[in-house]
Amino acid sequence: MRGRPSGFGNPWLQLGLSVACVLVSEFLLKRGATDIAAPDSAFSWTGVNGLASPLVWWAILLIVVSFISWLYVLRYVPLTVAYPLSRIVDVLVPLGCWIFLGELISTLRWCGIALVIIGLALVAKPIAQIEERL
Amino acid sequence: VSLLAFFFIVVSLLSFVAAQLILKRAMEATTTTGFRNIRFVFKVTTGIFLMTISFFLTLGLLQRFDLSYLYPFQGLSVIFITLTAAIVLKEKLSLRLIVGAVLISAGIVLVSMS
């Protein structure tokens, strides 16, 4: 991680920003896709009819923001570290579905969430130690 | 899940993984060659194109399945990206990173199965 900027340019902060934008965009996409769902039309497999929903456009805006901060992260952090960490969103999405959409989380799904968190801790711990030394 | 749905999930996943590798290459190069560089523009454009394909396929799938069911399929991308980044981009891979990536992927698959 050469010449790592601090403050708003801190790659870890940008990674967090990227994850937050992805998280919110997922919920906007689900809402938008449900609103204009046309499962009988073959064309809707392409998803392009989703563009009829304003929520989808808000989601696209957030995805663009998350993409830019993600590119910035890639400049400084190896993909083998940055990408697994970015998947914290896979824990946050089901938890958000549980809290905001009222979708159920089974015992098996809770176990999966726990595994992801342990995996994230394994990937993140060496970084935390490096940061402490700096 | 129909065979067609599975096909679209796989295509979406593969184009996403390829995009990440290409974008990482592109952004790494900027530290030496800067942004005003034809190869950088070409790589980023290719990466964005692949991510766009992945995005619209996902949007099509979202119209048919619950988000909490569908989304975690991307979890497999953790293993794919960690391995391909080590092989193609020659990034250092420790046992800790491998175990972490496998646990994250396994966790996400468990979430998607239940």
Side-chain angles (χ1 to χ4, degrees), chain A residues 2-3 26-27 29-30 32-34 36-39 44-51 56 60 63 67 70-76 78-84 87 90-91 93-94 97-98 101 103 105-126, chain B residues 4-5 8 20-21 23-28 30-31 44 47-48 51 55-64 66-72 74-75 77-86 89 91-94 96-114:
Chain A
R2 57 237 113 108
E26 288 296 335
F27 285 96
L29 283 180
K30 177 56 185 168
T34 310
I36 42 79
S44 70
W45 274 110
T46 64
V48 176
N49 64 325
L51 294 176
V56 169
I60 290 173
I63 290 167
F67 182 70
W70 176 246
L71 284 185
Y72 184 84
V73 170
L74 287 186
R75 216 175 165 201
Y76 299 99
L79 203 52
T80 48
V81 172
Y83 190 72
R87 297 334 288 174
D90 290 317
V91 169
V93 166
C97 291
W98 180 53
L101 300 183
E103 292 179 16
I105 299 185
S106 63
T107 315
L108 197 58
R109 189 167 282 172
W110 280 118
C111 293
I113 290 172
L115 275 187
V116 174
I117 292 173
I118 297 169
L120 285 170
L122 278 180
V123 175
K125 204 184 170 202
Chain B
L4 190 64
F8 282 119
Q20 291 300 326
L21 294 179
L23 290 173
K24 174 66 180 163
R25 269 266 166 86
M27 290 312 290
E28 262 179 351
T30 62
T31 52
V44 167
I48 291 174
M51 287 194 78
F55 171 80
F56 279 111
L57 289 178
T58 304
L59 208 52
L61 289 160
L62 273 175
Q63 295 180 34
R64 292 162 172 82
D66 264 350
L67 174 62
S68 58
Y69 165 78
L70 193 62
Y71 189 76
Q74 281 197 16
S77 61
V78 176
I79 287 185
F80 284 130
I81 286 183
T82 302
L83 289 181
T84 49
L89 305 179
E91 285 185 9
K92 258 185 262 167
L93 203 56
S94 64
R96 193 185 192 109
L97 277 179
I98 297 173
V99 174
V102 169
L103 282 181
I104 293 172
S105 270
I108 295 169
V109 170
L110 263 192
V111 167
S112 75
M113 276 167 44
S114 45

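All values derive from a computational prediction rather than experimental measurement. Letters A, B, ... are given to chains in the order of the sequence lines, protein chains preceding strands, and every chain is numbered from 1.
- Ranked by heavy-atom pairs under 4.5 Å with chain B, the first of A:Cys111, A:Gly119, A:Gly32 is A:Gly119.
- Between B:Leu62 and A:Lys30, the shortest heavy-atom distance links the atoms O-NZ, 3.8 Å.
- For A:Ile117, no part lies near chain B; criterion is any non-hydrogen pair under 4.5 Å.
- Here the shortest heavy-atom pairing between A:Ile63 and B:Phe55 reads CD1-CE1, 3.4 Å.
- Of the atoms belonging to B:Ser77, heavy atoms from both backbone and side chain fall under 4.5 Å from chain A.
- The two residues B:Arg96 and A:Lys125 come nearest to each other via the heavy atoms NH2-CD, 3.3 Å.
- Note on B:Val44, B:Leu57, B:Leu23: by heavy-atom pairs under 4.5 Å with chain A, the leading option is B:Leu23.
- Contacts with chain B were tallied for A:Phe67, A:Tyr83, A:Tyr72; A:Tyr83 has the most, counting heavy-atom pairs under 4.5 Å.
- Chain B forms the most heavy-atom pairs under 4.5 Å with one residue out of A:Val73, A:Leu71, A:Leu120, and that residue is A:Leu71.
- Heavy atoms closer than 4.5 Å to chain B are found nowhere in A:Val91, neither backbone nor side chain.
- Proximity to chain B (any heavy atom under 4.5 Å) is restricted, for A:Trp70, to the side chain, taken from C-beta onward.
- Interface remark: B:Leu93 contributes side-chain atoms only to the contact with chain A (heavy atom separation under 4.5 Å).
- Of the inter-residue distances, the one linking B:Leu21 atom CG with A:Leu74 atom CG reads 10.0 Å to the nearest 0.5 angstrom.
- Contact annotation for B:Phe56: both backbone and side-chain heavy atoms come within less than 4.5 Å of a heavy atom of chain A.
- None of A:Val123, A:Val81, A:Thr80, A:Leu79 except one satisfies the side chain to side chain contact (heavy atoms under 4.5 Å, CB included) rule with B:Thr82; the exception is A:Thr80.
- Residue B:Val111 comes nearest to A:Ile113 through the heavy atom pair CG2-N, 3.6 Å, listed as atom of the first residue, atom of the second, then distance.
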